[in-house]
A.B. asks: 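Before we start, here is the structure in question, set down as structure tokens.
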Amino acid sequence: HIAYAPEEILVTSGAKQAVFTALLALLDPGDEVVIPSPYWVTYPEAVRLIGGIPVIAQTRFENGFKLTPEELRKAITPKSKLLILNSPCNPTGAVYSRAELEALAAVIVEKDLYVLSDEIYEHITFEGSHASMAQIKALSERVITINGVSKGFAMTGWRGGIMAASKEIAIACDKIQGQITSATCSITQKAMHAAMELDVETYIRPMREAFLKRRNLALEILSAVPGFKTNRPQG
């Protein structure tokens with residue numbers, strides 16, 4: 001539910017390339033990037049490849065492994081440039097509500113950070129509804145939204161990703177991509193276009209319900225283990 005101009009969108013060869021290209025555009029050597037833990041293994045390694053410094057913010061089981069404003073503030077230093085946030089999260093299944101994102105956004109604006117919002121699991125939200133960082137007006141020039149078709153549309157091998165950002169950032173990323181992959185193949189772009197025009201309830205809901213059934217079975221089995229605590233993934 002956000003309007004973007006074509007020059008604010010970049011189609012990439014997978015969401016992973018979109019993440020790396022955004023980091024290349026934003027980071028200088030020595031810049032720090034706050035990454036909540038547990039995290040997807042690519043995030044800190046991509047930061048290191050560019051010469052940045054990953055700063056790991058440890059989240060807690062008691063909070064459903066969601067980063068709190070206090071934990072974010074504690075991880076920020078004068079060298080901090082960017083926060084990477086993944087919701088729904090791989091590997092914890094944490095899903096941030098609109099209110100939780102707004103609380104983090106207040107710190108992001110105060111500390112003059114950018115935020116890379118990886119929303120590749122948008123359609124695999126089990127509880128509540130998906131909220132996007134880009135819906136928070138105060139972040140409109142600071143947020144880079146990453147998405148794609150590999151997870152929600154089960155099109156992993158097509159390698160189709162999307163970045164939405166301010167015009168300045170998107171054009172910089174486009175210039176970088178032009179020297180790396182040139183573009184995403186035209187066949188993939190046609191397939192992505194077709195996928196995104198599908199009715200979500202008809203085509204994606206059955207897959208999400210199958211995943212939810214498996215989640216519930218896993219929770220049932222694990223909760224029967226004496227002394228074993230289970231987090232309840234929301235996505």
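Only this structure's heavy atoms are used, side chains among them; waters, hydrogens and symmetry mates stay out.
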A.B. asks: Please check this pair: side chain of Asn216 against backbone of Lys213, looking for a donor-acceptor N/O pair closer than 3.5 Å.
C.D. replies: no
A.B. asks: Please answer whether the main-chain N or O of Glu220 pairs with a side-chain N or O of Ser223 as donor and acceptor at a distance below 3.5 Å.
C.D. replies: yes
A.B. asks: Please report the closest heavy-atom contact between Ser97 and Ala131, naming both atoms and the distance.
C.D. replies: C-CB, 4.3 Å
A.B. asks: Is any side-chain heavy atom of Asn147 less than 4.5 Å from a side-chain heavy atom of Glu122?
C.D. replies: yes
A.B. asks: Within this structure, what is the OG-CZ distance for the pair Ser80 and Arg73, rounded to the nearest 0.5 Å?
C.D. replies: 12.0 Å
A.B. asks: Is any side-chain heavy atom of Val33 closer than 4.5 Å to one of Tyr43?
C.D. replies: no
A.B. asks: Does the side chain to side chain contact (heavy atoms under 4.5 Å, CB included) test come out yes or no for Ile2 and Gln135, once each step is laid out?
C.D. replies: CA-CA 7 Å; Ile2 309 164; Gln135 292 170 324; 3.7 Å; yes
A.B. asks: Using only atom types and a distance under 3.5 Å, with no angle test, would you say the side chain of Ser87 pairs donor to acceptor with the backbone of Cys89?
C.D. replies: no
A.B. asks: Ignoring hydrogens and geometry, is there a side-chain-to-backbone donor-acceptor pair from Glu71 to Thr68 under 3.5 Å?
C.D. replies: yes
A.B. asks: Report yes or no: do Ile162 and Ile120 belong to one cluster of Ile/Leu/Val/Met/Phe/Trp/Tyr joined by side chain heavy-atom distances under 4.5 Å?
C.D. replies: yes
A.B. asks: Mark yes when over 12 heavy atoms from residues, nucleotides or ligands other than Tyr96 sit less than 6.0 Å from its OH; otherwise mark no.
C.D. replies: yes
A.B. asks: Which heavy-atom pair separates Ser150 from Thr156 by the least distance, and what is that distance?
C.D. replies: O-OG1, 3.3 Å
A.B. asks: I'd like to know if Leu116 and Leu139 are part of one continuous hydrophobic network [Ile/Leu/Val/Met/Phe/Trp/Tyr, side-chain heavy atoms within less than 4.5 Å].
C.D. replies: no
A.B. asks: May I ask you to test the Lys66-Arg60 pair for a side-chain heavy-atom distance under 4.5 Å?
C.D. replies: no
A.B. asks: Does Ser13 offer a backbone N or O that forms a donor-acceptor pair with the side chain of Thr184 under 3.5 Å?
C.D. replies: yes
A.B. asks: Evaluate side chain to side chain contact (heavy atoms under 4.5 Å, CB included) for Phe126 paired with Arg208, printing each intermediate quantity in order.
C.D. replies: CA-CA 7 Å; Phe126 299 139; Arg208 185 172 63 238; 4.2 Å; yes
A.B. asks: So for atom CD, which belongs to Glu168, do other residues, nucleotides or ligands contribute more than 12 heavy atoms lying within a distance under 6.0 Å?
C.D. replies: no
A.B. asks: At what distance, to the nearest 0.5 angstrom, does NZ of Lys79 lie from CG of Asp31?
C.D. replies: 9.5 Å
A.B. asks: Quick one, His193 with Gln189, criterion side-chain hydrogen bond (donor to acceptor under 3.5 Å, both in side chains). Give me CA distance, side-chain angles, the key distance, then yes/no.
C.D. replies: CA-CA 6 Å; His193 187 184; Gln189 292 192 53; over 6 Å; no
A.B. asks: Quick check: closest heavy atoms across Leu219 and Asn231, and the distance to 0.1 Å?
C.D. replies: CD2-O, 3.3 Å
A.B. asks: Could you walk me through whether Thr145 and Tyr4 pass side chain to side chain contact (heavy atoms under 4.5 Å, CB included), step by step?
C.D. replies: CA-CA 12 Å; Thr145 306; Tyr4 283 98; 4.2 Å; yes
A.B. asks: Once you round to the nearest 0.5 Å, how far does NZ of Lys175 lie from CD1 of Ile180?
C.D. replies: 14.5 Å
A.B. asks: Just verifying a value: how many Å separate Leu217 CG and Ile221 CD1, rounded to the nearest 0.5 Å?
C.D. replies: 4.0 Å
A.B. asks: Are Ile144 and Ile84 connected, step by step, through hydrophobic side chains (Ile, Leu, Val, Met, Phe, Trp, Tyr) whose heavy atoms are closer than 4.5 Å?
C.D. replies: yes
A.B. asks: Determine, for Arg215 against Glu127, whether the closest basic-nitrogen to carboxylate-oxygen distance falls under 4.0 angstrom.
C.D. replies: yes
A.B. asks: Report the distance from atom CD of Glu7 to atom CD1 of Ile9, rounding to the nearest 0.5 Å.
C.D. replies: 10.0 Å
A.B. asks: Looking at Tyr203, I want to see if its OH is surrounded by more than 12 non-hydrogen atoms of other residues, nucleotides or ligands under 6.0 Å.
C.D. replies: no
A.B. asks: Any ion pair linking Arg205 and Glu209 (charged N to carboxylate O, less than 4.0 Å)?
C.D. replies: yes
A.B. asks: Indicate yes or no: at least one non-hydrogen side-chain atom of Lys229 is less than 4.5 angstrom from one of Phe61.
C.D. replies: yes
A.B. asks: Would the His123 and Phe153 ring centres measure less than 6.0 Å apart?
C.D. replies: yes
A.B. asks: Can a donor-acceptor pair be found, under 3.5 Å and without considering hydrogens, that links the side chain of Ser37 to the backbone of Tyr39?
C.D. replies: no
A.B. asks: If you define the side chain from C-beta out and look only at heavy atoms, does anything of Met196 sit under 4.5 Å from Val149?
C.D. replies: yes
A.B. asks: Testing the basics here: between Leu82 and Leu23, what is the closest heavy-atom pair and its distance to 0.1 Å?
C.D. replies: CD2-CD2, 3.3 Å
A.B. asks: Tell me, do His130 and Val95 make a side-chain contact under 4.5 Å, heavy atoms counted?
C.D. replies: no
A.B. asks: Could you walk me through whether Met133 and Leu85 pass the side chain to side chain contact (heavy atoms under 4.5 Å, CB included) check?
C.D. replies: CA-CA 9 Å; Met133 269 286 192; Leu85 197 72; 3.7 Å; yes
A.B. asks: Using a strict 4.0 Å threshold on nitrogen-to-oxygen distance, state whether Glu32 and Lys81 make a salt bridge.
C.D. replies: no
A.B. asks: Within the structure provided, determine whether Leu83 and Leu67 are in side-chain contact (heavy-atom separation under 4.5 Å).
C.D. replies: yes
A.B. asks: Hydrophobic clustering (ILVMFWY, side-chain heavy atoms < 4.5 Å, transitive) - are Phe65 and Leu222 grouped together?
C.D. replies: no
A.B. asks: Identify whether Ile53 and Leu113 are in the same connected component of the hydrophobic contact network (ILVMFWY, side-chain heavy atoms under 4.5 Å).
C.D. replies: no
A.B. asks: Run the salt-bridge test on Lys74 and Glu70 with the 4.0 Å N-O cut-off and return the result as yes or no.
C.D. replies: no
A.B. asks: How far does CG of Leu72 sit from CD of Glu110, to the nearest 0.5 angstrom?
C.D. replies: 9.5 Å
A.B. asks: Do Pro88 and Gln234 have side-chain heavy atoms sitting under 4.5 Å apart?
C.D. replies: no
A.B. asks: Within the supplied structure, the quantity of interest is the number of heavy atoms (other residues, nucleotides, ligands) at a distance under 6.0 Å from Ile187 CD1; does it exceed 12?
C.D. replies: no
A.B. asks: Please walk me through it: do Ser132 and Glu119 pass side-chain hydrogen bond (donor to acceptor under 3.5 Å, both in side chains)?
C.D. replies: CA-CA 8 Å; Ser132 174; Glu119 301 176 20; 3.0 Å; yes
A.B. asks: If you count the non-hydrogen atoms of other residues, nucleotides and ligands that lie under 6.0 Å from CD in Gln179, is the total more than 12?
C.D. replies: no
A.B. asks: Check the pair Tyr121, Asn90 against side-chain hydrogen bond (donor to acceptor under 3.5 Å, both in side chains), reporting the backbone distance first and the verdict last.
C.D. replies: CA-CA 8 Å; Tyr121 293 96; Asn90 173 11; 3.3 Å; yes
A.B. asks: For Gly160 and Thr188, work out which heavy atoms get closest and say how close.
C.D. replies: CA-CG2, 3.9 Å
A.B. asks: Looking at every heavy atom in both Ala94 and Gly64, which two are closest together, and how far apart are they?
C.D. replies: CB-O, 3.5 Å
